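What you see is a predicted model, and the numbers here were worked out from it, not measured in a lab. Hydrogens, waters and symmetry mates play no part in the numbers below; they use all other heavy atoms, side chains included. Counting starts at 1 for both ligands and their atoms, following the listed order.
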Amino acid sequence: MNFQPDAEAVRTNIEEKLLRHFGTVPASATKEQVFKAVAMTVRDILTRRRGEFKHLANGCGAKRVYYLCMEFMLGRSLRSNLCNLGLAGTYRDVLGELGFDLDEIFEIEPDAGLGSGGLGRLAACFMDSLSSLNYPATGFSICYEYGLFKQKIVDGIQVELPDIWLPLGEVWLIPRTDRTFIVRFGGRVREVWNDGRLEVHHEDCEEVEAVAYDMMISGADCKAVSPLRLWRARDLHKFNMGLFTQGQYTRALEESNNAEIISKVLYPSDNHTEGKMLRLAQQYFLASASVQSIIRDHMATYKTLDNFPDKVAIHINDTHPALCIPELMRILLDEYYFDWERAWDTVTRSVSYTNHTIMPEALECWNEALFKLRLPRIYEIIREINERFCREVWNAFPGAWKRISDMSIISYGQIKMANLSIVGSHHVNGVSKLHTEILKESTFKEFYRLYPKKFTNVTNGIAHRRWLCYINPGLADLLDECIGPGYRNRPELLSDFLKFSDDPAVLGRLGEIKHHNKIRLAKHIYAKTGQRIDTRSVFDAQIKRMHEYKRQLLNVLKIIGLYIELKENTGLDLQPQTFIFGGKAAPGYHMARRIINLICMLSREIESDPGIRERLRVIFIENYNVSEAEIIMPATEISEQISLAGKEASGTGCMKLMMNGAITIGTLDGANVEILDAVGKENMYIFGLSSREVDELWLRGYNSVEYYAQNERLIKIIGCLQKGFAGESFADVAAYLIASHGVSDPYMCLADFESYRLTHESMIRAYSDREKWNRMSLRNIASSGYFAADRAISEYAREIWGIREVDSKAAYADTTS
Ligand code: 26Q
């Protein structure tokens, strides 16, 4: 039976934590203290349940999955843990009696922002489903002291501040000082033959200790609790007393800090690599500590590595943790004396890989010479993997030099991590249907010819309990009433909601729920920015990382067009519209920062014009993160998914918005294609070039001036950009959009502009028939079940990892027999 405290126990536990940790009582405790005390009691429940589940899983010898990712963007945990455990009501009552409001306590928690965008949030959603479906799973990542920077907008410009999350956030972390491993960098490798076997010694290297901090991830209405193990770097030689006594005080401090720098800060770029040696150190640190931990657990249970691939699935989320492939080889060869073939067989039957991008600048490469200096033994192993692989390709395609050079793991002084990942994995997964097709036909075409069976498609999914039930309780209540609560554990049942498409009462309720959520967002925006937005205007949101390929610029061009129209024709009868943007730019990404600046200046100019701002509003929401998303998603009516076709691997924000009843305007890109399949073209607005047309246009040569010169509107819009907004010229952005040579827009905004504008216009017309709009909204909600992470995880489990749910009855039968 799952451990579940009653109200009396909850109250006593909270009081006890307050007294013991803060020497206080509820009547005089601060909200921070109450948050911490409450979180500690929840952590205790989770730890206890984890013990019970581990016992069950061990009892049946279940195969486990280990999910490695450099990022886990968890957001806040208290609400989701309480809801998942079915304890939200009890805690609300108890805290009420103690004089606190649970919702206010939720607000105290900082976001755990250990991720930069979609990849990191996907990892967090997947942990939720792994637990909820009772799969035996562990996540591995780094315990960054600073997560993704905090974004401030000062005079319309992004300023980055450190994200200090640990003082409060670490309440969820359980330090496992009994789980530490040594990770080695630099030095030399010495090989000696001893008693007929090769011994590999690592000399003069720097040693860093990896210390485990576990965060317990709850699932909903289930037995499982899964650990997310976060590694923190600790300097082994904490302090160099020698230097200290020689009076070199600062040098002693510097040296002691050096190793700990590894887990200091998350790299803030997404869909772009930075070939920095510190990033390489972070990646190896994660890979090495995690593989050592996996082997230790496995040996503790089975006392042999013979059955390793039957009991262990290691998944690498993008290439960032790919060094676990040579690291596992190293341990099997050097520490367990496997021969090469047996070690390679073990590795390639255990590891699988998901690719998340086809943007060339995001495919990781490391400089061979620097890599060799930093990780000499790992380098030797990669060389050997590569030599054997190239021989295999040669045998399959004799004389095909070009092909071998494309597929080689090392070429022209670069180590290509995607090639290493494909060669070392039993499956290579793409994150949407279209993305998988592009991987097979273009990015990894040669690999697909060699290993056609390796390639799979499991389309991404989102944690629907968090992104629907918990953040949109009004909608969840309506669904409970109409179709019963079964969809909470079986998201495919959301389709039952279709039965209500023609029920005017339900459609009316949907409209009211949306309006209520819009009021909540409007209040939030007022508190943050002082801007009072009209809740009867249509809420149109583009919330995601700032990136050229996502084309926030295309959206801005459309808004400028509307602005010009309103200025030219003051009597124009236009449905009031509020455009909401949110997203961070990588600090070194100039154009992305310029786009933020443009949005903010346009917003400011409109704000100063009373005649316009009643009908057209632009809002830039500062510091877009998981918690901000949780307020914006339920309030949004139009979801902007307008990347250039072929560039967005999947997108997951599109799924969250759809599930909350927003209607999508989008290109045929990433998961949009499957949203269209699910909801039908009557309930979605598609525009623009297809990915094939994009490729053709690219080959022919995209000439922006062709689109510009023929379009009166575009001429005016570009003119407006050149003149600028609120005193700031954007002539540089205008030049980028229309240049036919030199620096120009590779994402072809102007090619899709007219089709985008017309499609948006027809959407705004449709909005005036509110019942029809609500019906579209209902159909989107009812068709969103496919995009639940529960579905994605079941597919991964079955098709890629070969793991099964832990069934409590079977487990007991096993242990008792
Ligand atoms: C690599 C090396 C050095 C520094 C940084 C990086 C790095 C970090 C993060 C490279 C890429 C990322 C993140 C990529 C990402 O978030 N991709 C998104 O993944 C989502 C989940 O599959 C998809 O839905 C999105 O389409 C994809 O853009």
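More than 12 heavy-atom neighbours from other residues, nucleotides or ligands sit within 6.0 angstrom of NZ on Lys416. Heavy atoms from other residues, nucleotides or ligands lying under 6.0 Å from CZ of Arg593 number more than 12.
Only the side chain of His320 comes within contact range of ligand 1, with a heavy atom under 4.0 Å; no backbone atom does. Counting heavy atoms closer than 4.0 Å to ligand 1, residue Arg279 contributes side-chain atoms (C-beta onward) but none from N, CA, C or O.
Counting heavy atoms from C-beta on, the side chains of Glu160 and Gln151 never come closer than 4.5 Å. Looking at Leu598 and Val556, their side chains come closer than 4.5 Å, going by heavy atoms from C-beta outward.
Nearest protein heavy-atom neighbour of atom 17 (N) of ligand 1: Asn271 ND2, 3.8 Å. Atom 16 (O) of ligand 1 has its closest protein heavy atom at Leu119 N, 2.9 Å. Of the protein's non-hydrogen atoms, the one nearest atom 9 (C) of ligand 1 is Glu71 OE2, 3.3 Å.
Every atom of ligand 1 is numbered from 1 in the order shown, and the set under 4.0 Å from a heavy atom of Glu274 is 2 (C), 3 (C), 4 (C). Numbered from 1 in the order shown, with element, the atoms of ligand 1 that lie under 4.0 Å from a heavy atom of Ala649 read 26 (O). For ligand 1 and Tyr549, the ligand atoms under 4.0 Å from any heavy atom of the residue are 28 (O).
The shortest N or O to N or O distance between Ser269 and ligand 1 is not under 3.5 Å. For ligand 1, one of its N or O atoms has an N or O atom of Glu648 under 3.5 Å away.
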